[in-house]
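This report concerns only the one structure given below.
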Amino acid sequence: MATLHLLSHSPFSDSRFASCLPLLGDADALLLTGDATYALQPGSQPCLALHQLPEQVALFALQEDVQARSITALPPRVQLLDYPGFVELTCRYPRVNSWL
């Protein structure tokens, strides 16, 4: 069953990011919010890990959080969402897993 995975913690401060990535299936999606958007920093190890995910895995980031962290260069496959888009995305997936 397709799952939307929500990450909000920095990939540089704990292991949630690294624990989540191997569990992503082809029909799954990953939404980066809060400090998890630091994973989008070009050239960083987390960004390289995102590039290595299968193309079928959809990648999203909350636009407000990306802007608040001054991240300007995003991988092309990352789709930015506003809050209404965030809500719509959670309704699109039958399961949502928040990595608290």
Side-chain angles (χ1 to χ4, degrees):
M1 182 180 304
T3 301
L4 172 63
H5 295 266
L6 304 176
L7 282 171
S8 62
H9 293 81
S10 172
F12 301 105
S13 65
D14 67 25
S15 62
R16 283 172 256 218
F17 181 84
S19 296
C20 172
L21 296 189
L23 300 177
L24 296 173
D26 288 345
D28 290 350
L30 175 62
L31 173 58
L32 302 174
T33 66
D35 285 345
T37 58
Y38 284 124
L40 301 171
Q41 292 178 321
S44 68
Q45 187 60 39
C47 190
L48 295 174
L50 291 174
H51 282 293
Q52 295 175 355
L53 289 173
E55 286 295 320
Q56 299 89 334
V57 175
L59 298 178
F60 300 93
L62 196 57
Q63 182 173 5
E64 182 176 298
D65 293 335
V66 169
Q67 290 174 339
R69 286 153 184 84
S70 300
I71 300 169
T72 56
L74 297 175
R77 69 188 270 198
V78 174
Q79 299 173 54
L80 292 178
L81 298 175
D82 57 12
Y83 279 101
F86 181 170
V87 173
E88 188 278 324
L89 188 64
T90 61
C91 293
R92 196 183 323 167
Y93 284 85
R95 288 191 312 189
V96 177
N97 183 20
S98 183
W99 290 77
L100 300 174

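All values below come from the heavy atoms of this structure, side chains included, with hydrogens, waters and symmetry mates left out. No experiment lies behind these values; they were computed from the predicted model shown.
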Single-linkage hydrophobic cluster, 4.5 Å side-chain cutoff, Trp99 and Val57 together: yes
In one Ile/Leu/Val/Met/Phe/Trp/Tyr side-chain cluster, 4.5 Å: Tyr83, Tyr93: yes
Point-to-point distance, once rounded to the nearest 0.5 Å, from CG of Leu6 to OG1 of Thr90: 8.0 Å
Criterion side-chain contact (heavy atoms from CB on, under 4.5 Å) on Leu21 and Leu30, from CA distance to verdict: CA-CA 9 Å; Leu21 296 189; Leu30 175 62; 3.9 Å; yes
Linked, directly or transitively: Leu80 and Phe60 (ILVMFWY side chains, under 4.5 Å): no
Where Leu24 and Ala29 come nearest, the two heavy atoms and their spacing: CD2-O, 4.3 Å
Test side-chain contact (heavy atoms from CB on, under 4.5 Å) applied to Arg69 and Tyr38, step by step: CA-CA 8 Å; Arg69 286 153 184 84; Tyr38 284 124; 3.4 Å; yes
Inter-residue atom distance Gln79.CD - Leu31.CG, 0.5 Å rounding: 10.5 Å
Gln63 CD: over 12 foreign heavy atoms closer than 6.0 Å: yes
Distance in Å, Leu74 CG paired with Leu40 CG, rounded so as to fall on 0.5 Å steps: 5.5 Å
Spatial distance of atom CZ (Phe86) from atom CG (Leu81) [nearest 0.5 Å]: 8.5 Å
Ala61 to Val78 - nearest heavy-atom pair and separation: CB-CG1, 3.9 Å
Side-chain donor/acceptor of Ser10 to backbone N/O of Phe12, under 3.5 Å: yes
Closest non-hydrogen atom pair between Ala39 and Leu50, with its separation: O-CD1, 3.9 Å
Single-linkage hydrophobic cluster Met1~Val96, side-chain heavy atoms < 4.5 angstrom: no
Under 3.5 Å donor-acceptor, Arg95 side chain and His5 backbone: no
Check: Asp65 side chain, Thr33 main-chain N or O, donor-acceptor pair, under 3.5 Å: no
Backbone of Ala58 reached by a side-chain donor or acceptor of Arg77 within 3.5 Å: no
Nearest heavy-atom neighbours spanning Phe17 and Ala49: CE2-CB, 4.3 Å
Short side-chain to backbone donor-acceptor contact, Ser44 and Cys47, under 3.5 Å: yes
Distance (rounded to the nearest 0.5 Å) between Asp28 CG and Leu59 CG: 11.0 Å
Verify same cluster id: Leu23, Leu32 (apolar side-chain graph, 4.5 Å): yes
Side chain Arg92, main chain Leu4, donor-acceptor under 3.5 Å: no
